[in-house]
Amino acid sequence: MEQQKYADLKLGERGAIISIIAYLCLSALKLMIGYTADSEALKADGLNNATDIVASIAVLIGLRLSQKPADQDHPYGHWKAETVASLLASFIMMAVGLQVLYGAAMSVFEGKQESPDLISAWTGVFCAVIMYFVYRYNKKLGEKIKSQAVIAAAKDNLSDAWVSIGIAVGIIGSQFSLPWLDPLAAVVVGFLICKTAWDIFREASHHLTDGFDEQEIQAFKETTLSLYGVKGVKEIKARNYGNNTVVDIVILVNSNLDIRDAHDISTKVENILMNKHDVYNVHVHVEPN
């Protein structure tokens, strides 16, 4: 199972690399057209994609570091490297988002006199289509290898596609004697960058502090109690190592059972949690009841 996990991480790199290439091309295109057509919104979207490059590189580095086997300093492996990289990426994204917000807000208050060239709107539509196809690819890949990082990247791809559509709408609207719609759209992009950064920070910090979904823990408990021989669950905990779930559980069994029978029950608990809930590792402690 561990070899399969490493193989999945290797495959997940492909999605990160495709995202990096797409963001590099689209960011350069948006910034070039944004400055040429004098569109604050498209320039902001270009900077947004620049932060996505950093985030995708962080995911790629995290995926590669996570593949390192356990060593003396990391007896549980390097699975959390991906989460740490995401945390660092969120800081960079927040800094860029605040910068975009400041610049866009200043443009709104100063009052823009001319609307941007319409080519900036068509650029936004073109980029939205490209990002939608990248989203479809990463979504399919993430579901195949069950990678939270790749699935999260796919959601970011889809968000970027919608942002580009919104930018195009704002630019087209600015053509109807409403030039302030363009910098206003840039303000919206700035808020979206900050929101994405906050969401990534919140999820990464939640995992690093061993936070876990209570509903999933309840599902683990119900599955365990359904096994013949398990009389109760005294305690159950779960945590994440990267994309891997580790469960610690204390089960109650009949006090008259011998050691071999109790061990067989604990093995059944391990197997059903690993097979049914895709848990990476299960630590079972047996107590008599």
Side-chain angles (χ1 to χ4, degrees), residues 15 18-57 89-90 92-139 152-200:
I18 289 177
S19 291
I20 292 171
I21 294 173
Y23 283 132
L24 276 170
C25 296
L26 298 185
S27 177
L29 177 64
K30 289 175 182 177
L31 289 172
M32 181 181 69
I33 299 297
Y35 280 103
T36 302
D38 193 25
S39 171
E40 295 294 332
L42 196 61
K43 286 187 285 185
D45 198 15
L47 289 174
N48 175 32
N49 287 161
T51 64
D52 292 322
I53 295 171
V54 176
S56 297
I57 291 175
S90 71
I92 298 172
M93 293 178 69
M94 181 62 75
V96 174
L98 292 174
Q99 181 182 359
V100 170
L101 268 177
Y102 176 77
M106 291 299 295
S107 296
V108 171
F109 290 132
E110 290 172 0
K112 192 171 182 180
Q113 302 300 319
E114 295 183 2
S115 299
D117 194 295
L118 201 56
I119 190 176
S120 55
W122 303 129
T123 301
V125 173
F126 169 76
C127 292
V129 172
I130 297 298
M131 287 314 305
Y132 176 74
F133 283 108
V134 175
Y135 153 73
R136 290 291 301 271
Y137 177 83
N138 279 336
K139 181 175 183 291
K155 291 179 180 178
D156 189 34
N157 298 150
L158 182 61
S159 174
D160 290 325
W162 282 113
V163 167
S164 294
I165 290 294
I167 292 300
V169 172
I171 294 172
I172 293 173
S174 70
Q175 304 297 312
F176 299 95
S177 302
L178 298 172
W180 52 267
L181 276 178
D182 178 58
L184 183 61
V187 171
V188 174
V189 172
F191 274 116
L192 288 173
I193 296 173
C194 292
K195 182 183 182 302
T196 301
W198 171 252
D199 290 342
I200 292 174

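Every value quoted in this text rests on a predicted model; they were computed, and no experiment measured them.
Remark: D117 CG to I171 CD1 distance equals 9.5 Å, nearest 0.5 Å. Separating the CG atom in L47 from the CG atom in D52 is a distance of 11.0 Å, to the nearest 0.5 Å. Note that CG of N157 is 12.0 Å distant from CD1 of I130, once rounded to the nearest 0.5 Å. Interatomic distance, OG of S120 versus NZ of K43, reported as 10.5 Å (0.5 Å rounding). Rounding to the nearest 0.5 Å gives a distance of 6.5 Å between CE of M131 and CG of L26. Considering NZ of K195 and CG of D199, their distance stands at 4.0 Å, rounded to 0.5 Å.
Summarising the geometry of V187 relative to L101, their closest heavy-atom pair is O-CD2, 3.4 Å, with the distance given to 0.1 Å. Here the closest heavy-atom approach between residue V125 and residue A168 is recorded as CG2-CB, 3.8 Å.
Scanning for side-chain hydrogen bond (donor to acceptor under 3.5 Å, both in side chains) contacts around S164 gives K30, D45, with sequence neighbours left out. With sequence neighbours excluded, the residues that form a side-chain contact (heavy atoms from CB on, under 4.5 Å) with I200 are S86, S90, M93, T196. By the ring pair (Phe, Tyr, Trp, His ring centres under 6.0 Å) test, W198 is found to be paired with F201, residues two or more places apart in sequence or in another chain being considered.
Within a 6.0 Å sphere centred on OH of Y137, heavy atoms belonging to other residues, nucleotides or ligands number more than 12.
Side-chain contact check for L42 versus Y35: every heavy-atom pair is 4.5 Å or farther apart. Residues I33 and I119 meet the side-chain proximity criterion, which asks for heavy atoms closer than 4.5 Å.
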Point to revise | Worked check of side-chain contact (heavy atoms from CB on, under 4.5 Å) between L29 and F126 | key: CA-CA 10 Å; L29 177 64; F126 169 76; 4.0 Å; yes
Point to revise | Working for side-chain hydrogen bond (donor to acceptor under 3.5 Å, both in side chains), residues S19 and N138 | key: CA-CA 8 Å; S19 291; N138 279 336; 2.9 Å; yes
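One side chain, Y23 or D160, offers a donor N or O that lies under 3.5 Å from an acceptor on the other.
Under the 3.5 Å distance criterion, the side-chain polar atoms of S56 are left unmatched by any main-chain donor or acceptor of I53.
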